[in-house]
Each structure stands twice: as C-alpha cells, then as structure tokens.
Amino acid sequence: MSHIKGIGASSGIAIAKAYRMEAPDLSYDKKDIDSPEQEVKRFQDAIETSKGELEKIKDHALKTLGEEKAEIFSAHLLVLSDPELLQPIQDKIKSENVNAEAALDETANMFIDLFKNMDNEYMRERAADIQDVTKRVMAHLLNVTFPDPALIDEKVVIVAEDLTPSDTAQLNKEFVQGFTTDIGGRTSHSAIMARSLEIPAVVGTKEVTETINQNDMVIVDGIDGDVIVNPSDEQIEEYKQKQADFEKQKQEWAKLKDESTKTADGQHVELVANIGTPDDVDGVHGNGGEGVGLYRTEFLYMGKSQLPTEEEQFEAYKAVLESMGSDKPVVVRTLDIGGDKELEYLDLPDEMNPFLGYRAIRLCLERDDIFRTQLRALLRASVYGNLKIMFPMIATLGEFRQAKSLLEEEKANLKSEGTEVSDSIEVGMMVEIPATAVIAKQFAKEVDFFSIGTNDLIQYTMAADRMNERVSYLYQPYNPAILNLINNVIEAAHAEGKWAGMCGEMAGDEIAIPILLGLGLDEFSMSATSILPARTQILSLSKEEMASYKDEILAKDTSEEVVEFVKEKTGQK
Ligand code: PEP
Ligand code: MG
C-alpha cells in the first residue's frame, strides 16, 4: 500500500483499477531489412489494426460526442485508405530496403511538411490528420500500446502525467470512475472539466505515474486530495463508507435545489454556473443554478480539426439560451484560447510563456475573421434568451473598446441584413489581469459588468503558473493582495451602478464566500456541483455582519491570518 498526497480537484471518491494513459515511446531505429515483401505485409497489418481501432472510436464518438466530433475519425480513416500516402511508403520499403517504421516516418513527415506550409486551411488540417494517424500506425509497428480513453469499457481510474482538456472531454463517465495526474492544479482546465463531469480527481501529485502500475487497485479521494495505491480491505471499506457519506451529503444539499439564494439577513446574491458545453446545462438545472455566469466557448473550438462555423456556434449558443429560459442570465465569454487550451489547427508558433502570450482577445482582435464569426453567431442567438457577452484577458481599455466596436459593427451588419438581434445585451469583461483590477474605476465607466477571473488574476498577481504544482502554494485566494484587488473592482463597479461577479474557482470556496459576501460581490459563478454547498453556506451567513469585517480583513498581513479570522467569525473548522 502507498499513500500519495495531491490536490483534490473534483470531489467524490473513486475505487477502481488503474488505467495508465501515457504517450508511448515511438522512437525507432532505421534498419535494412531482408524481405521487403514481409515488411510490406507488416506495414499493411499495422494499417488494418489501426483502421479497426479507429472504426470503434468513431462509433463510440458518434454515440457519445455527436456527429461532428465523430467526423474527425472519419477523416483519419480516409488517411489510412489513401493510396497517395500508402503507396509511396510501400515503394520506399521496397526500393530502399528499409524497415516500415523508417519508411512511414520519413514519407509521412514529407507530406506533413508540405501540407503544413500551404496557404490552404483544408490542406493544413490534412497535415494534422496525417500526424495523428501516423502515431497510431507507428505504435502498432513498434508493438507499444496506444492509449484510447474513448475505448475504455470497464471501470477504471485514469493515471496520467497530465490530461489535456480534450482528453478529459472524451472520458466516458460510465467507466471512468476518477483520475489522478502528476501535474496540474485546482484551476487547470482538466480539473475544471472533471468538476463539470462530476468525476472525482486528484491532480498535482508529482508521482502517480511513477508509483502506480497498470491494473493496480487505486482509491482517488477528491475530497481530501489523497490517492491510495493497493489499499487493504479495511481501507476499501473505510472509503466505501466515505463515498456513501458523500452521496448522503449530496442528497441533503439537493433539498435546496429550487430555493433562492438569500443570506440570513435576507439579501439575495446570484448563484450561477460555469459551463463548457451545451450538455453542461443539465448539471446547471440539476444543481439549482440561477443562470450561467461563464460559458467557456473555447471548448466548441477544441477536439476538432477546423474552426466551428457560424451556424454550429449559433446552434450551441441558442441551445444554452433556450434551455435557461428568458429570465435566467447566460454570460458567454468569447474565445479564450491559449495557455493550457490549444487549437492545433491554428498552427500557432510555440511560445516561451504561453500564459503571457498570443491568446484570447489578443488573438481575436488580430484574427478578426474568427472573432466576427463568433460575434455574429452570438448576436443571432441573442433573441433566444437573456444573453450577456464578455471578453477575456482584457489588459487595456483600448482592447475593450476595439472588441466592443467589432461587436457593434456586426450588430449593424446583421440588422441591415434584416436579422433580428436583441437590443438589451449587456457587454462586460473578465478582470483577470491585475492592470485592469488596479484601474477598474476607469473601466467601470464603459463596461456593463465585470466578472473577476481569479484563476488567472491570482496566477498573474502572484507570478505563479496555475499549471505548475511546484508553485501551487502561491495560489492564494485569501492573500490580502488579491482581496484588495477584488475589493477595488467591486467598489469601482458599484460606484458606476454596475454589477460585479466572479467566475474563477474562488467564487465557490467556503473560506472565500463569507469574505466576498462582505465585499459586496453580486454574482458567484462556479462549477455546477459547488452551487448547492455554496447555497447551504450562504443561507446561514449575514451579509451585514460580513461587511462589518471588511476593513479588518483587507488590512491583514497574510493569507493565513485571513483564514484564521474568517474561521473564527464563521465557526468553520
Ligand atoms: C479565470 O481565469 O478565473 C477564468 C474563469 O477563466 P479560465 O479559468 O477559463 O482561464
Ligand atoms: Mg482566465
């Protein structure tokens, strides 16, 4: 038995066999071969096996992820049937007497380089398809396992160095009981997705891939951030009990599903949810969300091989708005790609510091073709509900003005085409770059609302990468530096008669909630599963009392002092 400590990223307990997801080692030696015929046969067998797997994945994707995602695998299957790629590889084996690995790698790379540099989006996408498919065929030639989360068909706990957000999106909840990773923090996007999928997760353990073997029995305790490897029978019993207690607790919370969120002194605050896809709205309703405070639209752009069309986006936004109805607000954030959310098909150059790089609104203002398509889809969908739009990663007022004027332009275009657009769309911004929190007063005159993105605001204020578990101790939501910035934003909003919300993970944190209530935050947006525990807590707190502690809290010296003070005043353990 071994016990590994990590960061509890998604609540719940999972008990199952380990399924290791690791990128296989695809290095090979280039060799002369004796029998080209046999080698060609070996190559053809690898192609057939890969095709069989891709067929299965495609069927699975069709059932669970929809037609559009399944198309990626149809494109991969086409590559594996394309004589223009396969023939030159077989010719090379025969004419140069080299092994299939070398012939495959060299030929595929030649096509990839050729297509990648073409000024044609379709061909660039083909380059990405060839790259993906080649890896699978290579793995078969080398006899190494190529992990496919979509093909898992028994109950497992996934063990990986890291999971990309699109890996996470592919996990099938029926079989994947939980996951644990070496790297990552509470605010990495795979952790955020785990919460919306309600899959227990422990991240940032530094060592699970080193310690856990395939099929080891594993307990993932996402509540306390523990991973137990090969537990004793008593431990399994103990955690089964903890699992049952957690389920019971969830049932208690569920009783408040249809209640409004009022403090003990009768003040209403808005408790809304963060979502990543239209499917997540079920979780919002199921957990009693009063709307959507952050729709991370980038997931519409991920896990596919090309940009989503205006029509696809329109359908997604419309579905969310309609499902929430005319009074529940839906705050949609425009494309926030970059950092740990990549779009391979955009083929952007690698950067030294992706979190400080060409991303989000910076990219959208330059690639206004991409941005305008999204804005048009949003504007068209606006008549189906209560839409609010916000821009991510705003650093300067100039950026906000530019983004807003593109929105106004597209609105005018649509109207002149005779398309109906709502006239009451509020337009706000995320406050996640310290520069904007410091001069929130200036921004407040021009925005309709602020939504504080503490995941990034904390990373940028503390200069600590949110993905790096070594500096995760600097993720300090209660640090007085952060609290003073937040206070500045809320005061600036209120002085202009605007509202201020928060959509970073901090909004659902039980130490932060009393503080934020006292600072006057109007809207709390969080993973849907945090809503009911947050509502339970808020019902018992007096906003007036919390507000009376405001100055004292803001004047504290350290995060620890703030925590101690809040615990003392609220009686939390
Ligand atoms: C944030 O930065 O707090 C936020 C909500 O956005 P994301 O986590 O998607 O960066
Ligand atoms: Mg952010």
Side-chain angles (χ1 to χ4, degrees), residues 164-166 187-190 192-193 274-277 292-304 307-308 313 316-317 331-378 388-407 410 427-437 440 443 446-447 449-461 463-467 489 501-505 525:
T164 63
S166 61
T187 63
S188 19
H189 283 96
S190 46
I192 291 171
M193 300 224 20
N274 296 346
I275 64 167
T277 72
V292 170
L294 166 64
Y295 176 2
R296 289 185 165 94
T297 56
E298 45 281 5
F299 294 107
L300 260 173
Y301 293 69
M302 293 163 69
K304 48 195 297 165
L307 287 162
Q313 295 192 53
Y317 306 147
V331 183
V332 180
R333 174 175 77 186
T334 59
L335 179 62
D336 180 17
I337 213 66
D340 61 337
K341 295 173 288 195
E342 289 178 44
L343 288 189
E344 273 190 19
Y345 57 83
L346 284 186
D347 217 6
L348 298 170
D350 285 346
E351 296 183 316
M352 298 274 277
N353 292 301
F355 275 105
L356 300 181
Y358 181 59
R359 55 172 296 200
I361 201 69
R362 304 163 183 193
L363 181 141
C364 285
L365 292 178
E366 194 178 291
R367 288 289 309 267
D368 73 332
D369 54 324
I370 298 178
F371 195 38
R372 283 177 194 272
T373 306
Q374 178 170 42
L375 296 176
R376 286 174 65 87
L378 279 168
K388 301 174 196 295
I389 296 176
M390 69 177 167
F391 305 122
M393 294 292 293
I394 293 286
T396 69
L397 207 37
E399 285 173 340
F400 179 77
R401 287 177 182 152
Q402 221 184 323
K404 190 163 173 194
S405 84
L406 288 171
L407 181 72
E410 286 311 323
V427 182
M429 60 178 262
M430 302 265 306
V431 177
E432 45 191 344
I433 297 183
T436 58
F443 283 89
E446 301 193 28
V447 301
F449 65 92
F450 288 128
S451 183
I452 308 173
T454 46
N455 305 340
D456 279 320
L457 185 65
I458 298 171
Q459 114 163 314
Y460 296 132
T461 307
D465 187 339
R466 65 195 261 190
M467 298 290 293
V489 176
M502 179 177 287
C503 58
E505 291 304 306
S525 191

Quiz prompt | From Asn455 atom CG to Met502 atom CE, the distance as rounded to the nearest 0.5 Å | solution = 10.0 Å

Quiz prompt | Value rounded to 0.5 Å, distance of OG1 in Thr436 from CG in Leu457 | solution = 7.0 Å

Self-check item: Partner set under ring pair (Phe, Tyr, Trp, His ring centres under 6.0 Å) for Phe449, not counting sequence neighbours
Solution: Trp499

Practice problem: Walk me through it: do Met390 and Cys503 pass the test side-chain contact (heavy atoms from CB on, under 4.5 Å)? | Solution: CA-CA 12 Å; Met390 69 177 167; Cys503 58; 4.2 Å; yes

Quiz item: With no hydrogens and no angle check, is any side-chain donor or acceptor of Tyr460 less than 3.5 Å from a backbone partner on Phe355?
Solution: yes

Quiz item: Looking at Met302 and Glu342, what are the two nearest heavy atoms and their distance?
Solution: CG-O, 4.1 Å

Self-check item: Stepwise side-chain contact (heavy atoms from CB on, under 4.5 Å) check, Phe450 with Ile394
Solution: CA-CA 11 Å; Phe450 288 128; Ile394 293 286; over 6 Å; no

Practice problem: Return yes if some donor-acceptor pair links the side-chain N/O of Thr461 with the main-chain N/O of Ile458 below 3.5 Å, else return no. | Solution: no

Quiz item: Side chains of Ile337 and Leu363: does their closest heavy-atom pair fall under 4.5 Å?
Solution: yes

Quiz item: Looking at side-chain heavy atoms only, is the closest gap between Tyr317 and Leu300 below 4.5 Å?
Solution: yes

Exercise. Decide yes or no on side-chain contact (heavy atoms from CB on, under 4.5 Å) for Phe371 and Ile361, but give the supporting numbers first.
Key: CA-CA 9 Å; Phe371 195 38; Ile361 201 69; 3.9 Å; yes

Quiz item: Any idea which heavy atoms bring Gln374 and Leu335 closest together, and the distance?
Solution: OE1-N, 2.8 Å

Quiz item: So, Thr297 side chain and Arg333 main chain: donor-acceptor pair closer than 3.5 Å or not?
Solution: yes

Quiz item: Which atom pair, heavy atoms only, marks the closest approach of Leu294 to Ser525?
Solution: N-OG, 3.6 Å

Exercise. Give, for atom CG of Leu407 and atom CZ of Arg376, the distance between the pair rounded to the nearest 0.5 Å.
Key: 12.0 Å

Quiz item: So how far is it from Glu366 CD to Asp368 CG, rounded to the nearest 0.5 Å?
Solution: 9.5 Å

Quiz item: Do side-chain atoms of Arg359 reach the backbone of Pro354 as a donor and acceptor pair under 3.5 angstrom?
Solution: no

Quiz item: So does Glu344 have more than 12 non-hydrogen atoms from other groups sitting under 6.0 Å from CD?
Solution: no

Quiz item: Could you state the interatomic distance from OG1 (Thr334) to CE (Met393), rounded to the nearest 0.5 Å?
Solution: 12.0 Å

Exercise. Quick one: closest heavy-atom pair of Val292 and Tyr295, and the distance?
Key: CG1-N, 3.9 Å

Exercise. Determine, for Asp336 against Arg296, whether the closest basic-nitrogen to carboxylate-oxygen distance falls under 4.0 angstrom.
Key: no

Quiz item: Can you tell me how far CD1 of Ile370 sits from CG of Leu346, rounded to the nearest 0.5 angstrom?
Solution: 5.0 Å

Exercise. Determine yes or no for a side-chain-to-main-chain donor-acceptor pair under 3.5 angstrom, with Glu298 supplying the side chain and Lys341 the backbone.
Key: no

Quiz prompt | Gln459 and Met467: CA distance, side-chain angles, deciding distance, side-chain contact (heavy atoms from CB on, under 4.5 Å) verdict | solution = CA-CA 9 Å; Gln459 114 163 314; Met467 298 290 293; over 6 Å; no

Quiz item: For the residue pair Leu307 and Tyr345, what are the closest heavy atoms and their distance?
Solution: N-CE1, 3.4 Å

Quiz prompt | Whether Glu432 side chain and Pro392 backbone form a donor-acceptor pair below 3.5 Å | solution = no

Quiz prompt | Shortest non-hydrogen separation from Tyr301 to Pro308 and the atoms involved | solution = CD2-CD, 3.4 Å

